[in-house]
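Report on the structure given below.
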Amino acid sequence: MAEVVRMPCRWGICGEPKTGKSHWGASTVKKFDGVVMDFAGITQTKPEQRAKAQYWVSDAQYGDAYYSCQSVGLDLTKQYRYIRSWKEFLDAVEYLKKYPTTKENKRIWMIIDDTFMWRFHCAIYVQEQAGHAAIAQDDWTQAGTIMNGIARFLESKFNLMFINQMKDEWVGGASTGKFTPAWYPTNQPYAFDLLTQLTVDKTVQPYVQHMEVIANRWNWSCTDAFISDIINPNPELVMNLCKVPVELR
């Protein structure tokens, strides 16, 4: 029997709020098996100017991705992890390393939902280790280094999907009024096999979801076969149109 191919499939998805990013991550797990890592929200508070900054992690029972995972029919005891700290993230990685799957390639999907809060949790961990009163710029830089290292380790074990928010676009010190993807870590898009953006057309009824294919390692954008806009997408359809090898899914 030929050796099973164990290369990773790495996917970066961005989109404005309420365009279906969490639903997309959950749907990928439903179709191809894996786990959604839902990172708890964090708020920074500083009641007085000279006071020490405090970071409050949401004490909600579930995260923002929970209902998307529920609506697509995931096994919430097995395929959903709510992450409240960096330690809980590392514990969840250990859980995934032992995750039972019937997939032939054994590569389950790890969904990072979302990278902004993933980065925030890592920065708090770095700040605490350094003994800083608040997250310093060096802590954010170190967090990026750690996240890059973790991403390289994870891709040796799992298929990865990084769900990213959008941020204001600035040119020459002024806002353009547009949004641009907030990729974290910032250099990760170069490692992704697929880069896509979700939008929703609300000028029609019912609304229509679009997936823009920004880059695709398996289908060069300068060929006639490249598809840049997938209408009402689902994970299997996108992988078929983007020519993702079946053995990597």
To the nearest 0.5 angstrom, please state how far the CD1 atom of I111 sits from the OG1 atom of T28.
5.5 Å
Without swapping roles, check the side chain of E16 against the backbone of T199 for a donor-acceptor pair under 3.5 Å.
no
K243: salt bridge (charged side-chain N to carboxylate O under 4.0 Å, His left out) partners, not counting sequence neighbours:
none
Separation between NZ of K103 and CG of D33, rounded to the nearest 0.5 Å
6.5 Å
Spatial distance of atom NE2 (H210) from atom CD1 (I230) [nearest 0.5 Å]:
11.5 Å
For a 4.5 angstrom cut-off between non-hydrogen side-chain atoms, does K167 reach F116?
no
Considering all heavy atoms, the nearest H23-V72 contact
NE2-CG1, 3.5 Å
For the pair W86 and F89, name the ring-plane relationship: parallel under 30°, tilted 30 to 60°, perpendicular over 60°.
tilted
Has N105 got a side-chain atom pairing as donor or acceptor with E247's backbone, closer than 3.5 angstrom?
yes
In one Ile/Leu/Val/Met/Phe/Trp/Tyr side-chain cluster, 4.5 Å: F32, V35:
no
Any heavy-atom pair between the side chains of Q188 and N148 that's under 4.5 Å?
yes
Closer than 3.5 angstrom, by distance alone: can the side chain of H132 be matched with the main-chain N or O of V126 as a donor-acceptor pair?
no
Can you label the angle between the W24 ring and the W11 ring as parallel, tilted or perpendicular, going by 30° and 60°?
perpendicular
Mark yes or no for whether Q70, through its side chain, and Y66, through its backbone, hold a donor-acceptor pair below 3.5 Å.
no
Less than 4.5 Å apart, any side-chain heavy atom of V29 and any of M161?
no
Can you confirm whether the side chains of D38 and Y80 place a donor and an acceptor under 3.5 Å from each other?
yes
Output, in order, the C-alpha distance, side-chain angles, deciding distance and verdict of ring pair (Phe, Tyr, Trp, His ring centres under 6.0 Å) for F120 and W140.
CA-CA 8 Å; F120 210 152; W140 289 113; 5.6 Å; yes
Please tell me if the side chains of C14 and F179 come closer than 4.5 Å, counting only heavy atoms from C-beta onward.
no
Aromatic plane relationship, F39 with W118 - under 30° parallel, 30 to 60° tilted, over 60° perpendicular:
tilted
Short side-chain to backbone donor-acceptor contact, N219 and C242, under 3.5 Å
no
Heavy-atom nearest pair, T115 first then A182, reads OG1-O, 4.0 Å
Co-membership, hydrophobic cluster, residues L198 and Y184, 4.5 Å side-chain:
no
Could you please spell out the steps behind the side-chain contact (heavy atoms from CB on, under 4.5 Å) verdict for L248 and R107?
CA-CA 8 Å; L248 302 186; R107 294 191 71 91; over 6 Å; no
Whether R119 side chain and A143 backbone form a donor-acceptor pair below 3.5 Å
no
Would a single hydrophobic cluster contain both L160 and V244, if residues Ile, Leu, Val, Met, Phe, Trp and Tyr are joined by side-chain heavy-atom contacts under 4.5 Å?
no
Would L74 and K30 satisfy side-chain contact (heavy atoms from CB on, under 4.5 Å), going step by step from the backbone distance to the final call?
CA-CA 6 Å; L74 297 189; K30 180 66 176 178; 3.8 Å; yes
Specify the closest pair of heavy atoms between E169 and T176, including all atoms of both residues, with the distance to one decimal.
OE1-OG1, 2.7 Å
Are any of the side-chain heavy atoms of L76 and C69 separated by less than 4.5 Å?
yes
Nearest heavy-atom neighbours spanning Y82 and A60
CE2-O, 3.1 Å
Verify whether one side chain among D168 and S175 offers a donor that lies under 3.5 Å from an acceptor in the other.
no
Where do K18 and K21 come nearest, in terms of heavy atoms and distance?
N-NZ, 4.5 Å
What heavy-atom pair brings F162 and A151 nearest, and what distance separates the two atoms?
CZ-CB, 4.3 Å
Is there a continuous path of hydrophobic side-chain contacts, each under 4.5 Å between heavy atoms, that joins I163 to F192?
no
In this structure, which one of K157, E88, M37, R81 forms a side chain to side chain contact (heavy atoms under 4.5 Å, CB included) with V93?
M37
Would a 4.5 Å heavy-atom cut-off, applied to side chains only, mark Y125 and S85 as touching?
no
Inter-residue atom distance R217.CZ - R10.CZ, 0.5 Å rounding:
5.0 Å
So, D114 and Q165: side-chain donor and acceptor under 3.5 Å apart, yes or no?
yes
Would a single hydrophobic cluster contain both F226 and L195, if residues Ile, Leu, Val, Met, Phe, Trp and Tyr are joined by side-chain heavy-atom contacts under 4.5 Å?
no
Just to verify, what does Y99 make a ring-ring contact (aromatic ring centres under 6.0 Å, His included) with, not counting sequence neighbours?
none
Minimum side-chain heavy-atom gap P235-R249 below 4.5 Å
no
Report yes if the side chains of M166 and Q197 come closer than 4.5 Å at any heavy-atom pair, otherwise no.
yes
Is there a donor-acceptor pair closer than 3.5 Å between any side-chain N or O of Y95 and the backbone N or O of K78?
yes
Once you round to the nearest 0.5 Å, how far does CG of D113 lie from CD1 of I83?
11.5 Å
Enter the distance from K31:NZ to E236:CD here, rounded to the nearest 0.5 Å.
4.0 Å
